[in-house]
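Reviewing the structure listed below.
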Amino acid sequence: MAVFGQAVGLKTHIWQNNTRSAILLAGFPVLLVLILFGIQVLMMGFGLLPNSGGGLDQDLARAASMLGWTVPTALVVAAIWFVIAYFGNQTMIDAMTGARKVERRVEPDLYNLLENLAISRGLRTPTLRIIESPSLNAYASGLHEGNYSVTVTRGLMQTLSRDEMECVLAHELTHVINKDVRTMVIASIFAGIISVIAELVFRSLFYMRGGRSRDNKNAMPLILIGLAIGVIGFGLAAAIRMTLSRTREYVADAGAVELTKNPDAMISALRKVSGQSKIEAPDELRGMFLDNTADKAGFAGLFATHPPIEKRIAALVKFAGGRDDGSWGPTPLTGGTAVPTT
């Protein structure tokens, strides 16, 4: 396990997560101002805001001057959103994924597995949540001690054996220990809202027309510039997703093996999850999942939130001494029949 830990750089990874969280929060106002400027330029091009009556440079200067009052307003709104997101991030995530909180008396076996893992690391037991979905997936969420949650799907419970489920819970608990979960929540809920709102605004502008657009000879250049700024803004939003290093999944797999001493069960769990993990949720949230079926191979893989499961299994075989023999293992934790993945 020492070799595995060195391979993934556990301490460095945790430090990088703390740095990413700070960068994400600091970059929030910058991205907000950029997209706000783009929206104002577009609105001027569509005639929804008055133009300067002069050249293109004067129109852009007028749009920039508007930032003098729109930016403070936007920052106040952003501050309010930060407060709402800080206290209500779990409620938002639950609403978007359909997760619900469960007590020990409802799912005693699953709760005991999670509790034992948390105790072994001196942590308070995260809240347990379940999504009533046949998909096989899980995720951790929360910002600080006493606020963390681990969520699993019903399909995962009905398909995985006890040892495999323990490994998945250990994987998610490692995300909590390594501060991955905090970084993901900040990216998904705090910063992710910018791209969502901006997309809605940019799209809605194309269904609106103002009477002044026909009187502005700079209308089309302004629209093109506004769109270009929007593309840059969305590109930065994508860059935010890329800062969420895919190494975190290798590290969490390593942490699961360290906690359970069972690399074979982690490999078997990943085999069962592969191709069966789809959950209807916003793109910003899918980066939190155990596996993300929306990730693509090839060039689009540059924007993937997770490494391919095959590579994760190969790492477990190489560094943790795991065996990938295709075995399905014993009976699922809470009954049900395991169906081979294709």
Side-chain angles (χ1 to χ4, degrees), residues 89-115 117-118 125-142 148-176 180-181 184-185 188-189 248-249 252-253 256 260 265-295 305-306 308-309 312-313 328-342:
N89 62 86
Q90 188 62 58
T91 300
M92 297 176 193
I93 293 172
D94 289 348
M96 288 184 277
T97 61
R100 62 178 179 83
K101 180 180 177 181
V102 295
E103 305 292 343
R104 183 201 299 270
R105 58 182 176 79
V106 178
E107 298 291 346
D109 294 337
L110 188 64
Y111 191 98
N112 288 340
L113 280 178
L114 181 59
E115 183 179 56
L117 289 168
T125 304
T127 301
L128 180 63
R129 285 177 159 81
I130 292 177
I131 300 174
E132 297 296 341
S133 167
S135 299
L136 313 186
N137 224 320
Y139 62 86
S141 53
Y148 296 125
S149 289
V150 171
T151 303
V152 300
T153 61
R154 181 67 65 182
L156 197 74
M157 296 170 59
Q158 293 177 337
T159 303
L160 268 57
S161 69
R162 183 187 184 281
D163 288 348
E164 292 163 348
M165 180 61 76
E166 184 179 40
C167 283
V168 169
L169 293 176
H171 173 103
E172 298 306 332
L173 195 62
T174 301
H175 280 314
V176 171
D180 294 326
V181 60
M184 291 304 303
V185 169
S188 302
I189 302 299
R248 72 184 185 279
E249 296 303 325
D253 291 341
T260 65
M266 187 70 234
I267 290 172
S268 180
L270 290 174
R271 281 284 177 216
K272 292 180 180 181
V273 166
S274 181
Q276 306 294 326
S277 60
K278 184 177 180 180
I279 295 180
E280 293 300 327
D283 288 343
E284 288 77 16
L285 283 186
R286 289 177 181 170
M288 300 172 63
F289 295 167
L290 175 67
D291 181 46
N292 182 7
T293 55
D295 286 341
T305 59
H306 292 63
I309 280 185
R312 292 167 64 179
I313 290 175
W328 282 79
T331 307
L333 179 68
T334 59
T337 303
V339 180
T341 58
T342 56

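Quick caveat, the model's predicted, so the values are computed rather than measured.
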Restricting to non-hydrogen atoms, name the atom on [X] and the atom on [Y] that form the minimum distance, rounded to 0.1 Å.
X: Ala256; Y: Thr174; answer: N-OG1, 3.7 Å
X: Lys101; Y: Arg129; answer: CA-CG, 3.7 Å
X: Thr260; Y: Glu166; answer: CG2-CG, 3.8 Å
X: Ile131; Y: Tyr139; answer: CD1-CE2, 3.8 Å
X: Gly287; Y: His306; answer: O-CE1, 3.5 Å
X: Ala138; Y: Val152; answer: CB-CG1, 3.9 Å

With the side chain counted from C-beta on, respond yes when [X] and [Y] share a heavy-atom pair under 4.5 Å apart, and no when they do not.
X: Pro126; Y: Leu173; answer: yes
X: Val168; Y: Leu160; answer: yes
X: Met288; Y: Val185; answer: yes
X: His175; Y: Met184; answer: no
X: Thr125; Y: Tyr111; answer: yes

Out of curiosity, [X] [atom1] to [Y] [atom2], how far, rounded to the nearest 0.5 Å?
X: Glu172; Y: Leu117; atom1: CD; atom2: CG; result: 11.5 Å
X: Leu285; Y: Ser141; atom1: CG; atom2: OG; result: 9.5 Å
X: Ile309; Y: Arg271; atom1: CD1; atom2: CZ; result: 8.5 Å
X: Ile93; Y: Thr151; atom1: CD1; atom2: OG1; result: 8.0 Å
X: Arg104; Y: Leu114; atom1: CZ; atom2: CG; result: 10.0 Å

Give a yes or no on whether the backbone of [Y] and the side-chain of [X] come within a donor-acceptor separation of less than 3.5 Å.
X: Ser133; Y: Thr153; value: no
X: Ser274; Y: Leu270; value: no
X: His171; Y: Met266; value: no
X: Arg286; Y: Ala281; value: yes
X: Asp94; Y: Arg100; value: no
X: Asp291; Y: Asn137; value: no

Quiz item: Do the charged groups of Arg154 and Glu107 touch, with an N to O distance under 4.0 Å?
Solution: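 Between Glu107 and Arg154 there is a salt bridge, with a charged N closer than 4.0 Å to a carboxylate O.
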
Quiz item: Ion pair present between Arg312 and Asp253, side-chain N to carboxylate O less than 4.0 angstrom?
Solution: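 Here Arg312 pairs with Asp253 in a salt bridge, since their nearest N and O are under 4.0 Å apart.
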
Practice problem: Going by the side chain to side chain contact (heavy atoms under 4.5 Å, CB included) test, name the single residue among Ile130, Leu110, Thr127 that passes it with Val102. | Solution: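 Among the candidates, only Ile130 passes.
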
